[in-house]
Student: 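Encoded as structure tokens, here's the structure I'll be asking about.
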Protein chains: 2
Amino acid sequence: MITIKEISKLTGISVRTLRYYEEIRLLIPLNKTEGGHRLYGEEELKRLQQILFLKNLGFKLKEIQRLLNDTWDWSTSLEHQLAFVLEEQEKLKQMENTLTGLKNALAIEGELNETLIQKMIKLSNRESEKKQAFRKQMFSNDEWQLVKSLPNLNRNDPNSLEWMGLLGQLKQLMSNGAESDSVQRIIKRMIEKSTEEYPDNEVFLEKMWDIRKSSSLSDKVGLYPLDEEFLNYVEQAFNIYETRELRGTSE
Amino acid sequence: MITIKEISKLTGISVRTLRYYEEIRLLIPLNKTEGGHRLYGEEELKRLQQILFLKNLGFKLKEIQRLLNDTWDWSTSLEHQLAFVLEEQEKLKQMENTLTGLKNALAIEGELNETLIQKMIKLSNRESEKKQAFRKQMFSNDEWQLVKSLPNLNRNDPNSLEWMGLLGQLKQLMSNGAESDSVQRIIKRMIEKSTEEYPDNEVFLEKMWDIRKSSSLSDKVGLYPLDEEFLNYVEQAFNIYETRELRGTSE
DNA sequence: ATACAAAATGACGTTACGTAAGTTTCAAGT
DNA sequence: ACTTGAAACTTACGTAACGTCATTTTGTAT
């Protein structure tokens with residue numbers, strides 16, 4: 001015969017909770033003292049552990065009732081619960097993506113103004129839906145593979161991080177002008193990266209920039225929305241870099 | 001001016017919910033008719049979409065209040081929420097594991113008798129014990145403070161992003177060897193960056209390496225975990241780069 | 001017998017709404 | 001102007017799983 005406090009200590013569950021479990025008749029004390037103090041036995045302790053175990057698996061108390069009382073259908077319950085857990089994971093992954101997307105946006109822009117949020121909203125609203133439709137419509141399969149490896153700024157790998165870092169720095173340096181040294185060094189690194197990642201296929205890179213230019217399109221692919229002005233500035237910087245390169249090699 | 005029903009149709013949110021949002025003063029109608037019918041404007045629709053967006057990310061309504069009303073600290077909120085989401089994912093993964101374990105047990109045994117459940121309980125108890133021990137071991141307050149005060153790469157600017165991206169890529173390319181082209185290009189970029197950002201002293205770089213070298217520390221803070229092997233490899237790559245530079249300039 | 005800890009009961013608070021029940025308002029048709 | 005049916009309104013209870021008081025009893029040691 002164990003008192004409620006001791007059960008509480010043994011299992012880490014609160015006294016209130018134990019009383020609640022009796023209230024909903026999930027765990028009933030073996031008996032009570034004259035004065036009404038609850039007394040539990042070994043059996044009850046074991047049952048409580050089972051309850052906690054199942055609670056950890058995300059079962060609701062009512063489901064636990066059924067699972068522990070008579071012979072219930074464990075198989076379908078487990079299947080159910082597993083499906084639920086997997087679904088929740090999907091949601092959380094989705095949330096994580098959007099959250100890191102926002103974080104990155106914040107890092108690049110320095111603030112989250114309203115229009116940016118609106119863009120993200122639209123982006124995430126029909127994300128899964130349009131992504132797939134767009135994929136079939138616009139890209140061949142191998143091209144799609146490339147898109148996947150492109151700087152999709154919602155992703156979390158080092159490569160994306162560097163792309164984001166470079167883009168963000170470019171944005172910060174807009175006031176310096178497209179021909180400044182720091183800007184040009186960044187451009188150089190970007191070109192280096194892109195030729196490294198997409199060695200033989202510059203056609204695709206061009207396509208890529210086309211996509212990004214029409215920001216409505218880039219929304220659909222899940223790329224980070226970049227505004228017109230910035231894209232033009234980047235293009236200008238690229239052009240400057242290329243003309244300098246030409247001069248450099250012809251001289 | 002839009003009626004409540006139309007807002008409901010447009011956003012898919014229930015009428016009851018809209019009334020509730022007014023009750024907690026999260027979304028207040030632009031005005032009301034004589035009879036008290038709610039009327040919303042464009043502004044309110046936009047705000048509602050923002051609300052739903054944030055709700056999807058798992059924010060509570062009260063937090064959304066704060067986020068949307070005055071200028072609030074998005075950065076820490078996002079960080080918080082992301083941490084929460086990651087934690088939840090951990091839990092769910094754990095649950096998934098145990099659930100599939102049970103499913104398999106059920107498939108093999110044909111039934112879940114008591115002893116089997118008890119075994120699973122003990123098993124999962126030990127796991128959580130391990131986790132707790134782990135946590136206690138990992139977190140010590142003063143260490144946390146110390147690292148926080150240092151210039152760490154958790155900062156949210158594009159610059160840090162690029163640094164992290166570069167380091168991450170280096171790690172991914174370890175198998176290529178320190179002398180490979182892609183690695184050396186990254187090294188070059190890092191040197192370029194450091195001389196650009198800290199022209200006359202390398203204090204920052206050194207400090208960074210100090211932090212990172214105590215990899216146990218950097219684990220604790222959630223910085224990119226860098227182990228010994230990796231650090232040596234990076235140092236080697238730097239050396240190769242420098243010797244090549246020397247040869248290049250001396251020839 | 002008294003003091004003090006531990007236990008008991010009761011009731012309200014929490015989150016984000018769903019779901020009635022009963023009343024009032026709006027817009028259209030006669 | 002009057003009726004009527006749909007839509008909107010308010011009020012209030014229910015949900016899940018307890019936490020947190022406040023107040024009263026019981027158990028136990030001295």
Side-chain angles (χ1 to χ4, degrees), chain A residues 1-41 44 47-68 80-81 84 88 91 95, chain B residues 1-41 44 47-68 80-81 84 88 91 95:
Chain A
M1 298 293 235
I2 329 175
T3 74
I4 198 172
K5 185 66 167 298
E6 290 176 69
I7 288 270
S8 168
K9 272 187 210 157
L10 282 172
T11 59
I13 208 76
S14 84
V15 171
R16 169 70 174 102
T17 299
L18 290 169
R19 290 203 266 258
Y20 176 66
Y21 285 174
E22 184 189 355
E23 190 185 328
I24 64 173
R25 288 176 312 184
L26 175 59
L27 180 72
I28 295 163
L30 186 53
N31 54 23
K32 298 194 176 181
T33 68
E34 274 185 33
H37 285 201
R38 291 165 179 79
L39 293 173
Y40 298 84
E44 282 70 28
R47 184 176 166 102
L48 179 55
Q49 282 167 337
Q50 293 175 348
I51 291 171
L52 297 178
F53 174 66
L54 293 172
K55 199 157 78 78
N56 260 324
L57 295 182
F59 286 103
K60 290 178 198 166
L61 297 187
K62 279 191 181 174
E63 297 171 323
I64 297 179
Q65 291 250 24
R66 285 196 297 256
L67 283 173
L68 291 185
H80 243 80
Q81 190 59 18
F84 172 75
E88 284 299 296
K91 279 186 205 165
M95 285 164 56
Chain B
M1 298 292 234
I2 330 177
T3 74
I4 198 173
K5 185 67 166 296
E6 290 176 66
I7 288 269
S8 167
K9 273 188 210 157
L10 282 172
T11 59
I13 208 77
S14 83
V15 171
R16 168 69 174 104
T17 299
L18 289 170
R19 289 203 268 256
Y20 177 65
Y21 285 174
E22 183 189 354
E23 191 184 328
I24 63 172
R25 286 175 314 184
L26 175 60
L27 179 71
I28 295 163
L30 187 51
N31 55 21
K32 297 192 178 184
T33 67
E34 274 185 35
H37 286 202
R38 290 164 180 79
L39 293 173
Y40 297 85
E44 283 72 26
R47 183 173 167 106
L48 179 54
Q49 283 167 338
Q50 293 176 348
I51 290 171
L52 297 179
F53 173 66
L54 293 172
K55 199 158 76 79
N56 261 323
L57 295 182
F59 286 102
K60 289 179 198 165
L61 297 187
K62 279 192 181 173
E63 297 171 321
I64 297 179
Q65 291 245 23
R66 285 195 296 255
L67 283 173
L68 290 185
H80 242 80
Q81 190 59 19
F84 172 74
E88 285 298 297
K91 280 186 203 164
M95 285 164 54

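Side chains included, hydrogens not; waters and symmetry mates left out as well; all remaining heavy atoms used. Labels below follow one simple rule: chain letters A, B, ... track the order of the sequence lines, proteins then strands, and each chain is numbered from 1. Please read these numbers as outputs of a predicted model, since none were measured by experiment.
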Student: According to a strict under-4.0 Å criterion, is Ser14(B) in side-chain N/O contact with OP1 or OP2 of dG18(C)?
Tutor: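 Checking Ser14(B) against dG18(C): at least one side-chain N or O falls below 4.0 Å of OP1 or OP2.
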Student: Applying the side chain to side chain contact (heavy atoms under 4.5 Å, CB included) test to Tyr40(B), which of Leu30(B), Leu48(B), Ile4(B) qualifies?
Tutor: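 Checked Leu30(B), Leu48(B), Ile4(B) against Tyr40(B); only one passes side chain to side chain contact (heavy atoms under 4.5 Å, CB included): Ile4(B).
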Student: Less than 4.0 angstrom between a side-chain N/O of Lys55(B) and OP1 or OP2 of dC17(C), yes or no?
Tutor: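 Checking Lys55(B) against dC17(C): at least one side-chain N or O falls below 4.0 Å of OP1 or OP2.
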Student: Expressed in angstrom and rounded to an integer, what is the separation of Arg16(A) atom CZ from dC18(D) atom P?
Tutor: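 After rounding, the gap between these two atoms is 9 Å.
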Student: Quick one: Tyr20(B) OH to dA16(C) P, roughly how many Å, whole number?
Tutor: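 Result: 6 Å.
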Student: When the distance from NZ of Lys5(B) to P of dA6(D) is rounded to whole Å, what number comes out?
Tutor: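 The answer, rounded to whole Å, is 11 Å.
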Student: How about Lys62(B): does its NZ atom have over 12 heavy atoms from other parts shown lying under 6.0 Å from it?
Tutor: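 Atom NZ in Lys62(B) is not crowded, with 12 or fewer foreign heavy atoms closer than 6.0 Å.
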Student: Report yes if a side-chain nitrogen or oxygen of Arg19(A) is closer than 4.0 Å to either non-bridging phosphate oxygen (OP1 or OP2) of dG19(D); otherwise report no.
Tutor: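 For dG19(D), neither OP1 nor OP2 has a side-chain N or O of Arg19(A) closer than 4.0 Å.
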Student: What is the distance from atom CG of Asn56(B) to atom CE of Met95(A), rounded to the nearest 0.5 Å?
Tutor: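 That separation rounds to 8.0 Å.
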Student: Specify the residue among Thr17(A) and His37(A) whose closest nucleotide of DNA chain D lies further upstream toward the 5′ end.
Tutor: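 Per heavy-atom nearest nucleotide, the more 5' residue is Thr17(A).
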Student: Would you mind reading off the distance between Glu34(A) atom CD and dA7(C) atom P, rounded to a whole angstrom?
Tutor: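 Distance, rounded to whole Å: 18 Å.
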Student: Relative to the 5' end of DNA chain C, which residue comes earlier, Val15(B) or Glu22(A), by the nucleotide with the nearest heavy atom?
Tutor: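 Checking each residue's closest nucleotide, the 5'-ward one belongs to Glu22(A).
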Student: With sugar-phosphate meaning primed atoms plus P, OP1 and OP2, does Ile4(A) contact a base, only sugar-phosphate, or nothing at under 4.0 Å between heavy atoms?
Tutor: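 If one applies the 4.0 Å heavy-atom cut-off, Ile4(A) turns out to touch the sugar-phosphate alone, with no base involved.
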Student: Could you check how far CD of Glu6(B) sits from P of dA6(D), rounded to whole Å?
Tutor: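 Atom-to-atom, Glu6(B) to dA6(D), this comes out as 18 Å.
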Student: Report the residue from Ile7(B), Leu27(B), Ile2(B) that forms a side chain to side chain contact (heavy atoms under 4.5 Å, CB included) with Glu44(B).
Tutor: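 Of the listed residues Ile7(B), Leu27(B), Ile2(B), the side chain to side chain contact (heavy atoms under 4.5 Å, CB included) partner of Glu44(B) is Leu27(B).
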Student: Please check the phosphate of dA7(C) (OP1 and OP2 only) for any side-chain N or O of Thr33(A) closer than 4.0 Å.
Tutor: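 So the side chain of Thr33(A) is outside the cut-off, no N or O lying under 4.0 Å from OP1 or OP2 of dA7(C).
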Student: Rounding to an integer number of Å, can you tell me how far Leu18(A) CG sits from dT9(C) C1'?
Tutor: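 From Leu18(A) CG to dT9(C) C1': 16 Å.
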Student: With respect to the phosphate group of dA16(C), does any side-chain polar atom (N or O) of Tyr21(B) fall under 4.0 Å of OP1 or OP2?
Tutor: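 No, Tyr21(B) has no side-chain N/O under 4.0 Å of OP1/OP2 on dA16(C).
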Student: Measure CZ/Arg25(A) against P/dA17(D) and give the value in whole Å, please.
Tutor: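 For the pair Arg25(A) CZ and dA17(D) P, the rounded distance is 15 Å.
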Student: How long is the straight-line distance from CG of Leu26(A) back to NZ of Lys55(A), given to the nearest 0.5 Å?
Tutor: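 Rounded to the nearest 0.5 Å, the NZ-CG separation comes to 10.0 Å.
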Student: Within this structure, what is the CG-to-C1' distance between Leu39(B) and dT25(C), rounded to whole angstrom?
Tutor: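 Rounded to the whole Å, the gap is 12 Å.
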Student: So, is Thr3(A) close to the dA6(C) phosphate, meaning a side-chain N or O under 4.0 Å from OP1 or OP2?
Tutor: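 False: Thr3(A) side-chain N/O out of range (4.0 Å or more) of dA6(C) OP1/OP2.
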